[in-house]
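We count ligands from 1, going down the list as the structure has it; atoms in each ligand are counted the same way.
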Amino acid sequence: MESQTQPALRVQFWGTRGSLAKPGRSNVRYGGNTSCVQVTSAAGTLLVLDCGTGIHDLGRALTVNGKKPVRGHILIGHTHWDHIQGLPFFTPLFVPGNEWDIYAPRGLGQSLRETLAGQMQYTYFPISLEQMGAKIRYHELVEGTFNIEDIKVTTRYLNHPALTLGYRMESGGATVVYACDHEPFSKPAEVASCEFNLRDRRHVAFLTEADLVVHDSQYTAAEYPQKVGWGHSTMEYAMDVCRAAGAKRLAFTHHDPLRDDDAIDQLVTAVRAEKADELLPLEVFGAADGMVVDIAANAAKQSEISAGSLSAVITDSAGVVEHSVLLAVANPAFAKSLAEAAHSHRLRVLEAKDGESALRVARAEHPSLVIVEEGLPGTDGLAVCRALRGADPADGNDVPVVILAGVEDRAAGQAAGVTDWLTPPFSPTYARTHMQAWIMRTSCRWQRAARPVDEAQRLATLRGLNLLDTAPQERFERITRVAMALADVPIAYISFVDENRQWFMSCQGLSSKETPREVAFCAHVVVLRQRLIIPDTLQDPRFAENPLVTEGPRIRFYAGFPLILPDGSCIGTLCFVDTRPRQFSEASLRAFEDLADMAKQEILTKNG
Ligand SMILES: [Zn+2]
Ligand SMILES: [Zn+2]
């Protein structure tokens, strides 16, 4: 193997299928194994990216042909099943004398070791993680740069429902980027016109001048509008970001399980032809199980890479990554509530009372998150954001900046580079859930409903009914009991959406009489003014991290029907809720609607 022409990096694909292993006669050429890619440096440093089912064949190859004992590094992008399912079948982990380091993004929840051990519990698998014979070390990563032998590795958060890192590997002047399970940060219309927002431009920078980019491209641009929020890219977007980055080659991967060999061939040919008129050369191909790509050394680039100073950001499981949040908030009640949310994540809190000191603290302390109130004394919130964005990259010009304001100004915010808005009122739970997402640079999959335009009239009508906070009445109880039986659901209720809460006129299967409005699914129906059916809340970016989904009563299915009174006010809903995903026929949904009409008639009937 030691020859003059040895590549600086050799990339071998072992699994290129997304989501689900898909063997079969029509998938012979691209293969059916889920994500696994081997990267080997000229000096023999062995990296394994993800451990989907493809890692099984890699394990056999290492056992049969490799040097003994085996020394390697497994870099996991995220711990969704299709990226870790092969791990218990990777035989080199069971051989005493072998040494492995396993790396994955550090979450705010359980440790990497606990997560991996979870899929090997007795219920799922006969052998536990502890029974693996090799010496295994676990490392949890944040964004940054570190060295593995002769390979420089840079990590970057991707956009996926689970906390996910992409890996950029550089050695001998050759660069390979693995960006799997990533969705555009920009809105679909912006993606279509290549007008990338700040976070997508950061993604482009991550791919800069790579010799090979292995990129998620599960969907096509035509399919994407139906797949927004699922955490995957389109072939067209992958090409556009690679071209903007000046990358040389692009391997499409995470092939949709619905595509066979011919379908992948056709899509690659079509997308290649569609983008062929572009000036910048970019070689694109569909990655296939078993494919090998060699990248030659490049002496000119090599010196440039080794000159920079490396910030090691890697920690083992016992270490603590210290994140801090800068709160430039004048309102004492909001400052207190945000500080509580920060403390619940063990975040260090930095405070500033005016715009100038906010900028000074941000530059000196490099916080992981900045929350700034709009009407701060001195410089206002948007000006602080603009100043931070204009700073040197070394001073953290890409720190997430959240503006606390009574009203969102999306256009001004986008121009200033604002990451997100926080509008009062918000609960500590809401602040805590979103704070985690901002710091981890992922999207928070819990949205509050907006206030409807006729809010004042609506509230007046609701209160005029004199039903809020009254005792249960048999005529409403009867309706929710029938609802429960008709849909065969454990929970059914009539909800009135009040100013800051939803209150249950009648409720079967829940012990509480009300919940905060920000968690209420029904608050969305009041804005939509039409039925809202959510077959599976975990698949819906508006509700997947809503506390009513992640904690009790763990709503998985929701069907809400609006109660619109003759004056046009939508005061609340009749709801059907289940703790498992459900599908109903149109005929059933119409029967539910009839029941909602009956509830409305009862509301309009005077008491007694
Ligand atoms: Zn995946
Ligand atoms: Zn995933």
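With a cut-off of 2.8 Å, the Zn ion (ligand 1) has no N, O or S atom of D216 in range. Taking backbone and side-chain atoms together, H83 has an N/O/S atom less than 2.8 Å away from the Zn ion (ligand 1). For a distance bound of 2.8 Å, the N, O or S atoms of H254 include one lying that close to the Zn ion (ligand 1). Among the atoms of D82, no N, O or S atom is found under 2.8 Å from the Zn ion (ligand 2). The nearest N, O or S atom of H160 is closer to the Zn ion (ligand 2) than 2.8 Å.
Rounding to the nearest 10°, we obtain 90° for the angle at the Zn ion (ligand 2) between H80 ND1 and H78 NE2.
Using the six-membered ring where Trp is involved, F426 and Y430 have ring planes that are tilted, between 30° and 60° apart. Ring orientation note: the planes of H83 and H254 are close to parallel, at an angle under 30° on the 30°/60° scale. The aromatic rings of H434 and W438 lie tilted to each other, with the angle between the two planes from 30° to 60°. Using cut-offs of 30° and 60° for the angle between ring planes, the H215 and H203 rings count as perpendicular.
The ring of H56 has its center no closer than 6.0 angstrom to the ring center of W14.
Atom CD of Q583 is surrounded by 12 or fewer heavy atoms from other residues, nucleotides or ligands within 6.0 Å.
For the Zn ion (ligand 1), the nearest N, O or S atom contributed by D181 is named OD2.
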